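All remarks here apply to the structure that follows.
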Amino acid sequence: MTDRQVFPPLALRAEGLACGRGGMALSRDLTFSVEPGQCMLLRGPNGTGKTTLLLTLAGIVSPLEGSFALQGSDDDSPMLHYCGHRNAVKPRLSVRENLEFWRSMNGPTGIAADAALAEVGLGKLRDLDAGYLSAGQTRRLALARLLVSLRPLWLLDEPTAALDAAGHELVSKLIDRHLGVGGLAIAATHDPITLPGPGRLHTLLLGAEA
Amino acid sequence: MTDRQVFPPLALRAEGLACGRGGMALSRDLTFSVEPGQCMLLRGPNGTGKTTLLLTLAGIVSPLEGSFALQGSDDDSPMLHYCGHRNAVKPRLSVRENLEFWRSMNGPTGIAADAALAEVGLGKLRDLDAGYLSAGQTRRLALARLLVSLRPLWLLDEPTAALDAAGHELVSKLIDRHLGVGGLAIAATHDPITLPGPGRLHTLLLGAEA
Amino acid sequence: MIDLGPHAVFIIWAYLGVALGVAGLIGWTLIDARNTAKKLAALEASRSAK
Amino acid sequence: MNAFAAMLGRELRLALRGGGDVLTLVLFFVIVGAIVPFAVGPDKALLERIAPGIVWIAAFLAMLLGLDRLFRPDYEDGTLTLLRHADLPLSAAIAAKVIAHWLVSAVPLILASPVLTVLLAMEGDAFWRTVLSLLLGTPALAAFGAIGAAVTVSIRRGGLIAPILIAPLSIPVLIFGVGAITATQSSAALLFLAALSLMAAALAPFAAALAISSAED
Amino acid sequence: MNAFAAMLGRELRLALRGGGDVLTLVLFFVIVGAIVPFAVGPDKALLERIAPGIVWIAAFLAMLLGLDRLFRPDYEDGTLTLLRHADLPLSAAIAAKVIAHWLVSAVPLILASPVLTVLLAMEGDAFWRTVLSLLLGTPALAAFGAIGAAVTVSIRRGGLIAPILIAPLSIPVLIFGVGAITATQSSAALLFLAALSLMAAALAPFAAALAISSAED
Amino acid sequence: MSIDTAPKQSWWNRIAHPGQFVAWTRPLLWPLTALTAVLFVVGLWFAFFASPEDYQMGDTVRIMYVHVPNAWLSQFVYGIMAVSALGTLVWRHPLADVSMKAAAPLGALFTALALFTGALWGRPTWGTFWEWDGRMTSTLVLLFIYLGIVALWRAFDDQLRAARIIAVFTLVGAINIPIIKFSVDWWSTLHQPASVFRADGPRMPGSILTPLMVMFVAFTLLFLTLHLKAMHTEIKRRRVVTLQRKAAQGASS
Ligand code: HEM
Ligand SMILES: Nc1ncnc2c1ncn2[C@@H]1O[C@H](COP(=O)(O)OP(=O)(O)OP(=O)(O)O)[C@@H](O)[C@H]1O
Ligand SMILES: Nc1ncnc2c1ncn2[C@@H]1O[C@H](COP(=O)(O)OP(=O)(O)OP(=O)(O)O)[C@@H](O)[C@H]1O
Ligand SMILES: [Mg+2]
Ligand SMILES: [Mg+2]
């Protein structure tokens with residue numbers, strides 16, 4: 001149920017996709033589609049290619065076979081946020097400067113930087129040197145980047161890494177809200193993620209033959 | 001219950017310890033003790049000083065107030081393993097070479113490198129360049145370091161980070177076994193860790209006033 | 001062999017150097033080819049053995 | 001345009017807050033210049049003769065030194081990956097970085113060049129030609145440097161290769177730069193320098209962007 | 001002793017597998033030497049005169065270049081933190097690193113120095129003195145470099161500070177090194193070089209270990 | 001945004017597929033080798049027994065028969081690399097990667113040999129091994145560029161990725177080489193009295209031209225043969241790497 005449709009109705013479809021590293025396939029023959037308002041969870045043991053699949057969808061690693069497309073987009077402007085293992089947070093810039101930078105780079109189409117910081121629980125730390133943040137705080141800052149620029153597709157690699165219990169809830173809430181406005185999300189995670197409402201979450205299991 | 005006592009009976013005691021960063025206290029007036037065969041979990045929201053406390057106990061950050069001591073040790077040889085956010089894994093060396101290096105550096109008092117790799121589930125990858133490991137595999141390699149050199153005190157900072165379900169169990173098993181031979185462990189974590197047997201696990205809650 | 005004149009040393013060294021360089025290159029190319037072929041054969045054998 | 005300014009601002013801020021990186025480069029420039037008299041002996045006429053060459057070599061080496069900081073930190077913390085999906089095209093972002101690199105590594109050298117001219121016993125006239133030639137030539141060095149840095153960024157231990165890739169490419173800059181200080185046809189050399197800088201600066205962002213976007217994560 | 005060998009072995013392995021880092025340093029050394037003629041002009045007599053200085057500056061810079069790799073990667077991936085709790089004392093571990101650094105960065109330079117002597121038109125006799133002076137002087141450069149790198153890594157912010165910390169320390173080495181090539185009192189200069197190297201090598205591991213272990217994580 | 005990996009079929013794609021390429025070029029190797037060997041024998045016979053000494057340079061002119069072919073190859077090989085680099089970037093063809101990589105060490109060696117023979121020629125004619133003359137100097141710079149490229153290839157461990165990056169650098173170098181050549185000429189003519197000996201090609205008598213031409217073709221064929229062989233090896237090496245990784249992966253799962 002989408003209460004407010006912000007994005008054009010996009011869908012991510014992959015057909016017979018094989019991704020891998022260094023010419024070697026890690027996952028083969030993946031066929032899936034993610035519709036607006038849906039989130040796909042990638043699960044699987046360590047080293048089965050979750051990160052690789054996300055990088056492939058982000059266009060950074062080239063697929064070995066098959067194809068994928070974000071259907072319904074007409075222009076060529078960037079459509080996705082990638083949030084990887086590494087946080088792209090610069091020490092020496094304050095927390096707010098870090099976020100403002102990405103807001104300018106990705107287009108200030110989302111909420112204001114201060115609001116986003118408050119949202120992820122860093123409101124009080126906004127003038128601290130970002131190099132001093134703890135592991136979890138750094139992760140929260142990386143998540144705030146998703147909020148300051150609107151993009152329909154989120155690719156999240158272990159979004160809950162290093163986060164506390166409140167942080168886990170925060171991630172669920174952010175995804176929930178993003179889906180609510182018609183966004184798409186793909187998240188690789190080892191932690192349980194639950195969303196209210198049925199049919200919005202499905203899981204792609206990698207690597208395990210079971 | 002310690003089935004086989006490998007270490008001398010040590011105990012870690014802290015009295016009125018205050019730790020912090022940059023002269024600013026994060027946690028104050030901590031008094032605790034960890035006895036042989038016991039594990040202390042550090043819990044608390046992001047940024048409340050878990051990592052800082054571990055670094056203090058490892059002797060890397062100096063305490064602001066109070067004192068702590070590992071009682072019962074008579075010689076000056078290193079007594080602890082610190083396993084932090086960063087994995088100290090070198091690309092360009094194979095997985096086994098990485099581990100062998102640490103085995104020589106820390107003293108080959110534990111099990112053999114190959115056995116340790118098999119233990120953490122990297123047995124088959126032992127000749128792979130360690131730079132190619134996935135996030136979880138790298139973490140497993142860092143954990144293998146604990147096994148190749150025997151040290152009574154383990155300081156673990158989010159040992160389960162990036163690990164899958166099997167990895168979580170692995171961590172519990174390793175801690176359990178370490179306690180079983182009379183070791184001590186302190187682990188900062190956001191994930192649930194359970195150990196069989198009562199009285200072996202206690203929790204220190206940081207930061208929360210509740 | 002003809003008489004190479006007063007600068008024979010230089011001529012001989014030039015040809016010798018080139019000969020050595022080219023021989024080295026050929027040798028290296030062949031050895032590299034042989035080693036790679038061997039490795040490939042071994043790997044393919046171990047694959048089909050499985 | 002806004003994003004371009006943000007990138008430029010960020011780079012400048014990082015450099016200026018960077019615990020005196022700028023000062024370091026200048027000091028290095030001066031030290032290389034000052035070490036030469038020790039190495040070749042304190043012969044004034046000789047010094048004056050080789051002074052333009054030394055100024056340019058010192059500038060070249062100083063700019064090499066800061067190069068590893070151009071892309072590597074951003075590569076390692078994941079920023080470059082994210083920049084591929086930014087609204088600003090990657091080549092524009094790189095152009096901003098190159099401009100910032102020039103501002104923080106070449107301009108201070110130019111400002112410090114009077115010190116070297118004194119140490120190396122150059123006369124007043126040559127001093128102005130030095131400043132001018134540095135001003136026109138260093139953009140080319142920065143641009144070639146950016147290409148070298150981009151090509152080597154994804155090599156895990158690749159920081160050392162960049163200088164040897166860049167040095168041969170930069171030889172024309174050195175030759176014309178020195179020519180602009182010494183020769184009687186100083187103005188021809190200056191023209192060439194300017195042309196080189198323009199060409200290199202126009203080419204570099206695209207070449208560097210191409211190299212970076214072919215680097216996998 | 002076993003741990004010491006393990007450290008040394010690891011460092012050598014990393015350097016030799018590092019995609020030709022060694023080759024790169026040598027190339028850099030030769031290129032810096034070869035670039036000087038472009039800057040000072042192709043005058044043979046002049047070149048021969050400044051050749052010893054150039055050889056030593058090229059060596060100094062080549063050794064500087066590899067320096068950032070001495071501790072920084074280990075600092076950034078957490079290895080240095082762990083080394084504090086190793087069985088092997090930190091200073092011994094650092095001594096192993098410095099030895100490895102000298103082996104992979106100075107020895108190749110010495111082997112490559114003939115190329116420079118040809119390019120810079122030095123005569124046969126001067127060549128042997130060059131080799132000898134490099135052999136005796138480079139350990140001091142490596143040792144001072146290690147101190148500089150350790151201090152830099154422990155202040156966390158200044159990647160580029162090492163060169164300016166090291167340059168003043170290294171100036172005596174350069175002066176005596178050049179003296180050993182040119183002067184008639186070559187043997188006196190060689191003696192000083194050897195003394196400097198001994199002293200620096202004995203001091204460096206402890207100074208560097210002190211700097212590193214006072215760095216917070 | 002969409003990415004498709006379906007291969008485009010064409011005759012070119014078929015014969016240039018790495019596996020196919022090895023298959024149809026392998027029969028060429030032996031004839032090429034034989035031809036090269038024959039030409040070398042003929043060329044050397046001409047060079048030593050069937051050509052007169054130069055009236056000016058004396059017997060040292062015989063160095064020319066190895067010097068000039070190597071000097072020419074030093075530039076020709078870079079041309080091959082630049083064309084292959086275009087192939088890598090524009091058509092993304094794996095064969096172009098392979099050709100680029102196989103050519104680099106060959107080019108470096110030919111350039112080094114040109115320098116070596118030139119230096120040995122310079123000593124009797126100019127009285128010095130090395131002169132900072134424009135042509136010699138730009139050849140030296142070219143050698144540095146070659147060595148840089150070889151070092152780059154060695155530094156990457158993923159060769160597929162390396163190819164595109166190195167292609168960028170090769171092309172930048174290709175643009176820059178004329179500039180370097182020009183600047184070096186400008187530089188040495190500016191600083192140096194025009195004492196440099198100049199041998200103008202056309203002035204050569206036929207008795208010298210014949211061995212030169214034969215050696216010239218012989219060296220070029222030598223390069224082509226070695227290049228082809230090295231490309232075959234490189235294709236096999238890539239297969240080895242893939243199989244090794246597969247083995248590691250197969251073992252892990
Ligand atoms: C290290 C020193 C030298 C280098 C790097 C060098 C390099 C070159 C190069 C690049 C060419 C051009 C080949 C072509 O256009 O295809 C060439 C041709 C030639 N070189 Fe050298 N050369 C050197 C020394 C000499 C010396 C000392 C002599 C004679 C005394 C000489 C005589 C010639 C002649 C006769 C040609 C062919 C004629 C021509 O193309 O104009 N070279 N050399
Ligand atoms: N260049 C490479 N060559 C060969 N194998 C590679 C290369 N890079 C990565 N790998 C392998 O690919 C796998 C990496 O998978 P990936 O990082 O996608 O795993 P993941 O599912 O994200 O795991 P995790 O849960 O641990 O993050 C690992 O098994 C690793 O060994
Ligand atoms: N130099 C400094 N000056 C001021 N504050 C600092 C400095 N370094 C760290 N901090 C602050 O100290 C805290 C770091 O705590 P620490 O890293 O120990 O947290 P943590 O409990 O491990 O959190 P997490 O669960 O996120 O890993 C953060 O709140 C950070 O803002
Ligand atoms: Mg992963
Ligand atoms: Mg922490």
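What you are looking at is a predicted structure, and each value in this text was computed from that prediction instead of being measured. We name chains A, B, ... by the order of the sequence lines, and we start the count at 1 in each one. Below, all heavy atoms of this structure are taken into account, side chains as well, without hydrogens, waters or symmetry copies.
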Is the shortest side-chain heavy-atom distance between F:W130 and E:L120 below 4.5 Å?
no
Whatever's closer than 4.5 Å to a heavy atom in chain E on F:V150 counts as neither
Query raised in the report: side-chain contact (heavy atoms from CB on, under 4.5 Å) between F:F144 and E:I35: does it pass, once the steps are laid out?
Result: CA-CA 11 Å; F:F144 288 151; E:I35 242 178; over 6 Å; no
Margin query: Do E:V30 and F:L147 have side chains that approach each other closer than 4.5 Å (heavy atoms only, starting at C-beta)?
Written below: no
When every non-hydrogen atom of E:P37 is compared with those of F:W132, the smallest separation belongs to CG-CZ2, 3.1 Å
Minimal heavy-atom distance between F:L140 and E:A34, with the atoms involved, is CD2-CB, 4.4 Å
Applying a strict 4.5 Å limit to non-hydrogen atoms, the region of E:L119 in contact with chain F is both
